[in-house]
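Each remark here refers to the structure printed beneath this line.
So that the names make sense, note that chain A is the first sequence line, chain B the second, and so on, each numbered from 1.
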Amino acid sequence: MIRITNTLSGKKEEFIPLEEGRVKMYVCGPTVYNLIHVGNARAAVVFDSFRRYLEYRGYSVTYVQNFTDIDDKIIKTANEEGISTKRLSDRYVAEYFKDACRLGIEPATFHPRTTDFVNEIIDFISVLQKKGFAYSKNGDVYFDVSAFKSYGALSNRKLSDMRSGARVEINDSKDDPLDFVLWKAAKAGEPSWNSPWKSGRPGWHIECSVMSTTLLGDSFDIHAGGNDLIFPHHENERAQSEAWSGKKWVNYWMHNGMISVKKEKMSKSLGNIFNVREALRVYGPNALRMYLLSKHYRSPMEFSSDRMEEAKASYNRIANAMDEIKRKIGDDTKAVEDSFSKEWRARMNEALDDDFNTPQAFSVIFELVKEALLTDDREHLAKIRALFMEWNYFLGFDFEKKNVNADAFVETLVELRNTARVRNDYEQADAIRKKLKELGVEIRDSSNGSHWRWM
RNA sequence: GGCGACGUAGCCAAGGGGUCAAAGGCGAGGGUCUGCAAAAUCCUUAUUCGUGGGUUCAAAUCCCACCGUCGCCUCCA
């Protein structure tokens, strides 16, 4: 039984998909006007991993992750660069896929883009207006919050509390300061689309409602994203969607915690961001995945070089165990399924079924790492490796070492070093070891020969 | 001001009424191995879970208060 903490109820609930054996899931993707940062990567990696876990557990998952390719910041950045918004967003969609690919994130079933759904968005808004949930003013269209009775249920807020809050903006054309824009009339020089109102473009929240219902249906299982999206983004999406269909829109809401830097949320507006591109270069994809999955997805976590080095060391312990298994039994030893495998698989499932508790999952893995390093039993080792490979379906590490073409050269150098050692020429031997280490090769001498591995 | 989350060893981090004298990782100290290393391995590193009350036969786990940290209430993963 898989359990998920549902933001809507604030409780851990048993996960029961609408349709047996199938899961429909939507994750809010990036606004494409620059490179993604480590905070963005958290949601991407965590929910990618969760999706794959669901697949591992036998569900057929339809996974949608959108790109917001039209908004104020995209327009601004495109103007600064003197290019079209289309050109800018195309570029950063491509850059996103480069990072995602290196991070081991599987492509979604669908990657819809806002500007491909403008007609559907217009239809959707028209329906809202017909049903009395929306009103237009000066070419803008607004959602009437007071018409939707459970507004605030997701973020657990009361309309009265929000109205009294000091930070609600005053906007003359809105009937209520909490009403939010569905369609924005174009200002001079902005990209725009024809509409029953003035020509303009979609508001902030409408795209997710439209793309998700178009691709997944009026109701679907899981909607996920960062917890900074709960209000207003997801609250508004929910209001629109349920007002539009008259049905419950999403059954389970999953929200990941924020990544902070020096106790402050990592965000583009604060400027304290660390690009995924850069993190990948400095620490590598495995360390970054390890880092992102090492804490429960709902908790906040701190980003720093110490944390990353720690994650890298942790990952290395697993990678080292894989290398040791290979050294002990080679590549093609077959694993035999038995009670050992079943027992450990059950422990892993127990951890992950419980609201995707990845720290607990790693605890299970490290216990097996220890066993692998301790034993020389071929069957035992083969079983452990089989489990690791099986679990890697959702962990998404890349255990393959690059530089395979250089293996023969390394081998030669290691032999050369050993002849030097035999004649007690340790100066030469250490020089070779040092050089190899600089090139990323670690040598391990032992009583039965020298082994080496790519670090 | 409103809403929410969190505070567990030197650090990171699970657990969330008894089987907890609290998983796992990083780091540190000592032993083995080694030409020296590295890696590995063994041992050690929380009688205690922010503070103070309470409920209970029993609390890190539930309740209350307080202190501290963070997030949302504006674009944000």
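Note on A/Met301: nothing from the nucleic acid sits closer than 4.0 angstrom, heavy atoms only. Within the 4.0 angstrom heavy-atom criterion, base atoms lie near A/Tyr426. At a threshold of 4.0 angstrom between heavy atoms, the contacts of A/Asn156 are confined to the sugar-phosphate backbone, with no base atom among them.
Electrostatic pairing of A/Asp90 and A/Lys86 counts as a salt bridge here, judged by a charged N lying under 4.0 Å from a carboxylate O.
For B/U61, there is no paired base (Watson-Crick or G-U wobble, both distances below 3.5 Å).
Comparing the C1' positions of B/U56 and B/G1 gives a spacing of 37 Å, expressed to the nearest Å.
Side-chain to base pairing of A/Lys265 with B/C70: no donor and acceptor N or O lie closer than 3.5 Å to each other. Side-chain N/O atoms of A/Ser155 and base N/O atoms of B/C3 include no donor-acceptor pair closer than 3.5 Å. Contact annotation: side chain of A/Arg317 to base of B/G27, donor-acceptor pair absent below 3.5 Å. If you check distances only, the side chain of A/Glu367 never reaches the base of B/G24 with a donor-acceptor pair under 3.5 Å.
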For A/Asp140 and A/Lys184: C-alpha separation, side-chain torsions, deciding distance, then whether salt bridge (Lys or Arg N to Asp or Glu O under 4.0 Å) applies. CA-CA 5 Å; A/Asp140 292 335; A/Lys184 292 175 114 162; over 6 Å; no

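A cation-pi contact, defined as under 6.0 Å to the ring centre and within 45° of the axis, is absent between A/Arg289 and A/Phe397.
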